[in-house]
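Working notes, beginning with the structure itself.
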There are 2 protein chains.
Amino acid sequence: MTLGWEDIRADVLRRIRSREWPPGGLIPGEETLAVEFGVARATVNRALTALAEAGVIERKKRAGTRVAELPVRRARLEIPVIRLDVLGRGLAYDFKLLADRMAPAPVPVTARLGLPEATPMRYLETLHLAGGRPFVHEVRWLNPAALPTPTPDFATTSANEWLVTHVSLVSGDIAFLAEAASPREAEVLGVAPGAALLIAERTTHGTLGPITFVRLAHAPGHRVAMTF
Amino acid sequence: MTLGWEDIRADVLRRIRSREWPPGGLIPGEETLAVEFGVARATVNRALTALAEAGVIERKKRAGTRVAELPVRRARLEIPVIRLDVLGRGLAYDFKLLADRMAPAPVPVTARLGLPEATPMRYLETLHLAGGRPFVHEVRWLNPAALPTPTPDFATTSANEWLVTHVSLVSGDIAFLAEAASPREAEVLGVAPGAALLIAERTTHGTLGPITFVRLAHAPGHRVAMTF
DNA sequence: ACAGGCATTATGTCTAGACATATTAGCCAA
DNA sequence: TTGGCTAATATGTCTAGACATAATGCCTGT
């Protein structure tokens, strides 16, 4: 019965939960634990590294390892490709490209991307359909300067899917908020104006600079679910 | 100039982005890469393990490592403790306990937690305040059977903070959605009935069974932000 | 043609030892 | 007291080699 790193992780976690090692307290060093468990230090290191990534402990060289004061609960969201999201619900997917033109980007967009005001950007407006019914209304501003050429015809390939496979996405952020449906959104999604919509706003940056700003307005009833 | 595992990870990622190794394609085995980079196989393994965790590649024993078809973008949400969230915005935090009683839980709650219908649970209703203004309206159902005794006085300690430090939280899920404010929510949050509210619903399970169901109704304008 | 079993192979994990690096505590001098 | 240097120390990473495990695909017998 030899222990693996997952056993070590489980046992350390158990001792933390049981308050044998209280929040904020130091836990024994890797060498000590290695002897205690009868494994190599590298194995203990693997276990503690995993716990640190999970936010349960905090590790610093020389200072040792201590139990996190308020164990931050992290949830992971796998940002779905809308087409696969729809197909995963057992519905037929389709989309309509409502607009595709160059236009000076409005201030909220340029500000978030860190671009000069009124930078000319490519404006894409798309309605995603699930089973023939409106699913998500997407408004996207693309920075042509940060894209490899040539860009494809977004009437056949969705911009999102082309981006994830062709552009080096380095970092970004996503925010969820609730807003009353604007007249335009109400019309396109087929809901009453003022209906509560779940909005996702996403900005993405790549190696060549800011890439895109997307605003997704979801049809009523949509839930974004994450597990932890 | 000896290479570390992060260098290997970066170079492998570069080759994937450049389509030298296309989506769905097999990449060379660890042994091969180790020779090519002039490092030990364990170092290559460390790099590839990290890329697999990030969703860029998929690894299977015997079958080898292949580039993910659609690189899933994962965002991490650090679920905030409301008090710290408020303080982090530079506002004074306070809360009012609006209700604390035992009651048979409604069906949507018991169903989500996997408990029998109308299980008696502890019902807590809390209004969180930021700078004196309503911030979040919290409705919580607690399963007393899954809690260590004694439970503290939730009028002084927030249930959320007591739970994260005293209960073995094993797993859970969180969902975001948008809903029109109910009359009760409108009254408590001081907004117009029907206003669009961002709702977070969370269920948590522990070693002793289902623990809690929480519904958070955020004041208008609230954003839940995540980075990736 | 087909099912079952087995050898092959790539990844997963572990060991023991080594060196690298960050950080702290203590010491000494201004 | 304060500032800065230094030595000690815990974690971070790497190596070379070994065995474990899970799939694959071939091989064989029916």
Side-chain angles (χ1 to χ4, degrees), chain A residues 1-16 20-69 71-72 74 76, chain B residues 1-16 20-69 71-72 74 76:
Chain A
M1 184 225 64
T2 143
L3 296 175
W5 69 270
E6 292 183 291
D7 300 303
I8 314 258
R9 178 182 61 181
D11 197 66
V12 169
L13 190 56
R14 184 188 57 73
R15 294 201 211 179
I16 290 172
E20 184 178 332
W21 293 331
L26 271 180
I27 76 174
E30 297 188 349
E31 195 66 53
T32 312
L33 291 174
V35 172
E36 183 186 327
F37 285 113
V39 298
R41 186 171 76 91
T43 306
V44 173
N45 182 279
R46 181 83 168 83
L48 295 186
T49 299
L51 284 172
E53 274 175 17
V56 176
I57 56 178
E58 286 161 7
R59 325 193 68 202
K60 279 206 314 211
K61 290 180 186 179
R62 167 69 224 235
T65 299
R66 51 182 69 247
V67 180
E69 283 287 354
V72 180
R74 295 200 177 96
R76 260 210 325 221
Chain B
M1 183 226 63
T2 139
L3 296 175
W5 68 270
E6 292 184 289
D7 300 304
I8 313 263
R9 178 183 60 180
D11 197 66
V12 169
L13 190 56
R14 184 188 57 73
R15 294 201 212 178
I16 289 172
E20 183 179 330
W21 293 332
L26 271 179
I27 76 173
E30 297 187 349
E31 196 65 54
T32 312
L33 291 174
V35 172
E36 183 185 326
F37 285 114
V39 299
R41 186 171 78 89
T43 306
V44 173
N45 182 279
R46 181 83 167 85
L48 295 186
T49 298
L51 285 171
E53 273 175 17
V56 176
I57 57 178
E58 286 161 7
R59 325 193 67 201
K60 280 206 314 210
K61 291 181 184 179
R62 164 73 223 230
T65 299
R66 51 182 69 246
V67 179
E69 283 287 354
V72 181
R74 295 201 176 93
R76 261 211 325 225

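All values derive from a computational prediction rather than experimental measurement. Proteins get letters first, then strands, A, B, ... in listed order; numbering begins at 1 in each.
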From [X] atom [atom1] to [Y] atom [atom2], the distance as rounded to the nearest 0.5 Å:
{"X": "A:Asp11", "Y": "A:Ile16", "atom1": "CG", "atom2": "CD1", "answer": "10.0 Å"}
{"X": "A:Thr43", "Y": "A:Leu3", "atom1": "OG1", "atom2": "CG", "answer": "9.5 Å"}
{"X": "A:Asn45", "Y": "A:Leu33", "atom1": "CG", "atom2": "CG", "answer": "11.0 Å"}

[N] phosphate, OP1 or OP2, under 4.0 Å from [X] side-chain N/O:
{"X": "B:Thr43", "N": "D:dT13", "answer": "no"}
{"X": "A:Lys60", "N": "C:dT24", "answer": "yes"}
{"X": "A:Thr65", "N": "D:dT11", "answer": "yes"}
{"X": "A:Asn45", "N": "D:dG12", "answer": "yes"}

Sugar-phosphate, base or nothing in reach of B:Arg46, heavy atoms under 4.0 Å: sugar-phosphate
Checking C:dT13, D:dA8, D:dT11 against the side chain of A:Arg62 (C-beta onward), the nearest is D:dA8
Closest listed nucleotide, where the reference is the side chain of A:Ala40 and the choices are C:dT15, C:dT13, D:dT13: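 Selected nucleotide (nearest to the side chain): C:dT15.
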Whole angstrom value for the distance that separates [atom2] of [N] from [atom1] of [X]:
{"X": "A:Leu33", "N": "D:dA10", "atom1": "CG", "atom2": "P", "answer": "12 Å"}
{"X": "A:Trp5", "N": "D:dA20", "atom1": "CH2", "atom2": "C1'", "answer": "16 Å"}
{"X": "B:Glu30", "N": "D:dT15", "atom1": "CD", "atom2": "P", "answer": "13 Å"}
{"X": "A:Arg66", "N": "D:dA10", "atom1": "CZ", "atom2": "C1'", "answer": "12 Å"}
{"X": "A:Arg41", "N": "D:dT9", "atom1": "CZ", "atom2": "P", "answer": "15 Å"}
{"X": "A:Arg59", "N": "D:dT9", "atom1": "CZ", "atom2": "C1'", "answer": "14 Å"}
{"X": "A:Glu53", "N": "D:dG12", "atom1": "CD", "atom2": "P", "answer": "11 Å"}
{"X": "B:Glu31", "N": "C:dT8", "atom1": "CD", "atom2": "P", "answer": "18 Å"}

Map A:Gly29 and B:Asp7 onto DNA chain D by nearest heavy atom, then report which one ends up closer to the 5' terminus. A:Gly29
Check each of A:Leu51, A:Leu48, A:Thr49, A:Val44 against A:Arg9 using the side-chain contact (heavy atoms from CB on, under 4.5 Å) test, and report the only one that passes.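 Of all the options given, the one that passes is A:Leu51.
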Would you check if A:Trp21 and A:Ile57 make a side-chain contact, meaning some heavy-atom pair closer than 4.5 Å? no
